[in-house]
Amino acid sequence: MYKVIIALLIMMVALPLLSQHCGSCPGEMMAKNTYSTPSAKQIIPKAKANHWINDDYYVSYEWNKSPKIGTYILMVNVYNKNKKQVNDLIVTADAYMPSMKGSHDTGDKKMQLNKKNQYAIPVYFMMLGDWEIELKFNKANKQIGNAFVKLDIK
Ligand SMILES: [Cu+2]
């Protein structure tokens, strides 16, 4: 009896939280939430911070404006170990909500070089909450590193 009461209490707390977050979203959250994340995740701590993706390259990112609901441009600078900005990699971005994996993932989309030799891509945030963008760095058809941009849309 005691265990039943505990279980009911947990459900009472957990269910509103789940439905609140998923309320305006397509897809079945519970069924699709089976994504496993890499154990040593390369999270870039903040905008404009340099982050090494391997022994040879480091990267930084910035947004055109502080993201809210809507479309914002993510720009990624890539530098070699001589601190020279480079543009010979292929960089892709996959934007998604970690708590709703599979609901509105963009998939790996190729970023385009802008005039400042930054890899750029528009990212559409259609709902409030936690978001993550996985960047993948490729050279000569081989992935040489990845990194994650995390943010909370409020
Ligand atoms: Cu969502």
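Both counts, for ligands and for their atoms, begin at 1 and track the order of listing.
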I'd like to know if the Cu ion (ligand 1) has an N/O/S atom from M100 within less than 2.8 Å of it, counting both backbone and side-chain atoms. yes
Of the backbone and side-chain N, O or S atoms of M97, does one lie nearer to the Cu ion (ligand 1) than 2.8 Å? yes
Looking at residues at least two apart in the chain, or sitting in another chain, which of them share a side-chain hydrogen bond (donor to acceptor under 3.5 Å, both in side chains) with N117? N87
Ion pair present between E134 and K150, side-chain N to carboxylate O less than 4.0 angstrom? no
Which residues pass the side-chain hydrogen bond (donor to acceptor under 3.5 Å, both in side chains) test with Q143, sequence neighbours left out? none
Restricting to N, O or S atoms, which atom of H104 is closest to the Cu ion (ligand 1)? NE2
Indicate if the distance from the Cu ion (ligand 1) to the nearest N, O or S atom of M127 falls below 2.8 Å. yes
K109 and D94 ion-paired at < 4.0 Å: no
